[in-house]
2 protein chains.
Amino acid sequence: MYQSPEYRQLTDYLHVQGLNVTPERMEVLSLVLKQKGHFRIEDLIRNSARRKKSISRATIYRSLKTIEQAGLIKSIRSINDEKIYEIVKGHHDHMICEQCGAIIEFHNSELESLQDRICNSRNFTASRHVMKIFGICSACQKKQE
Amino acid sequence: MYQSPEYRQLTDYLHVQGLNVTPERMEVLSLVLKQKGHFRIEDLIRNSARRKKSISRATIYRSLKTIEQAGLIKSIRSINDEKIYEIVKGHHDHMICEQCGAIIEFHNSELESLQDRICNSRNFTASRHVMKIFGICSACQKKQE
DNA sequence: GAAATAATTGAGACTGAATCTCAATTATTC
DNA sequence: GAATAATTGAGATTCAGTCTCAATTATTTC
């Protein structure tokens, strides 16, 4: 149980921070890893409620924050301002369809190096960035024809 | 009164949309234009409350949304997830200091054309983008030395 | 410009996400 | 295994943002 590298990463983080390794924290991570693609906190809460031993709303919020700080997940805001989480794989950015709300991931290395250049020229030490492009996805464009 | 181009832009938008031109909407725009740089809705509400004829919270929220749709202002989320508004001048992006919360504007034309290329290659029709770079600003770096 | 019509406003109730409180429970340390 | 400190759960609380609906106001028409 709890073999995959994600659990290691979390326990390592907890140890470094002097935090306790609790079943609740591990269970929240396990709920997260069961999600496919993007998810909302309410999804986790509902999924947890379905189990024998459910985890309280407060603990799910608290653990998610810890898991985010451990670098395992990150959050973005969708069109309707909803907070959406996703598992951190490689870094990527997002295109968001203003019509259907679809969130499309992309990665572009030019963009990454451009960020560095922009920051260097202004003495800003960047730790990360968020790029969101809003518009109409190809599927919605076809529908309109 | 209400001579500057911003008021024109708003009344034009209201006419096109078949919405009424009300003193409240104009007054909210005037509150907005008094702000320097970035501001929060609560700032406007507080400023409005100070006046002879104050405008209700609900109307300020409603009018701000209209003013945003008219293209006069836009919003971003700061580090602590606070919703921050700013007057739309030319398009620009943001660097956000994770230490002091400072929001620094920048514009880079390479970034703009790069966006187009990325979208073209994926059949995504972009209408706008948001780029936020998080890190430590030069002032905070000096403080730490 | 007065009447008719439709949109807007204000006050406060309401909603829902997120946080807080604190006693009871549990992980960690020695 | 006892002592200590961290964590949890349940529900209260907070706060931004939205909704309701009667009263008001802008707009249109003649």
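Quick note on labels: first sequence line is chain A, next is B, and so on, each numbered from 1.
By the rule that hydrophobic residues join a cluster once side-chain heavy atoms approach within less than 4.5 Å of another member, Y7(B) and V32(B) end up as members of one cluster.
For T22(A), the side-chain atoms get nearest to dT7(D) when compared with the rest of dT7(D), dA18(C), dT8(C). With dT9(C), dT8(D), dA27(C) as the choices, the nucleotide that has an atom nearest any side-chain atom of E24(A) turns out to be dT8(D).
Between the P atom of dT8(D) and the CD atom of E27(A) lies a distance of 12 Å, rounded to the nearest Å. As a whole-Å value, the separation of N20(A) CG from dA27(C) P is 8 Å. Atom CG in N80(B) sits roughly 14 Å away from atom P in dA18(C) (whole-Å rounding). Atom CD of Q17(B) and atom C1' of dA7(C) are 14 Å apart (whole Å). Atom pair E82(A):CD and dT18(D):C1' shows a separation of 16 Å (rounding to whole Å applied). dT27(D) atom C1' lies 12 Å from atom CG of L19(B), rounded to whole Å. Atom CG in L10(B) sits about 12 Å away from atom P in dT8(C), given to the nearest Å. dA16(D) atom P lies 12 Å from atom CD1 of I84(B), rounded to whole Å.
Judged purely by atom type and a 3.5 angstrom limit, S48(A) has no side-chain atom pairing as donor or acceptor with the backbone of L44(A). Under the 3.5 Å distance criterion, the side-chain polar atoms of K143(B) are left unmatched by any main-chain donor or acceptor of S138(B). With Q141(A) contributing its side chain and I136(A) its backbone, the two residues share a donor-acceptor pair below 3.5 Å.
Within the 4.5 Å cutoff, no side-chain heavy atoms of D93(A) are placed close to those of H107(A). Side-chain contact between H94(B) and V130(B) is absent, with no heavy-atom pair separated by less than 4.5 Å.
A side-chain donor-acceptor contact under 3.5 Å links N47(B) and R50(B). Residues T59(B) and S56(B) have side chains that bring a donor and an acceptor to within less than 3.5 angstrom of each other.
Each of D81(A) and P23(B) was assigned the nucleotide of DNA chain D with the nearest heavy atom; the assignment lying further toward the 5' end belongs to D81(A).
Within the helix from dG1(C)-dC30(D) to dC30(C)-dG1(D), the inter-axis angle between the opening and closing five-pair segments is 50°, rounded to 10°.
Heavy-atom distances under 4.0 Å link DNA chain C to A58(A), Y61(A), R62(A), K65(A) of residues 45-66 of chain A, given in residue order.
The environment of CZ in R8(A) is sparse: at most 12 heavy-atom neighbours from other residues, nucleotides or ligands sit within 6.0 Å.
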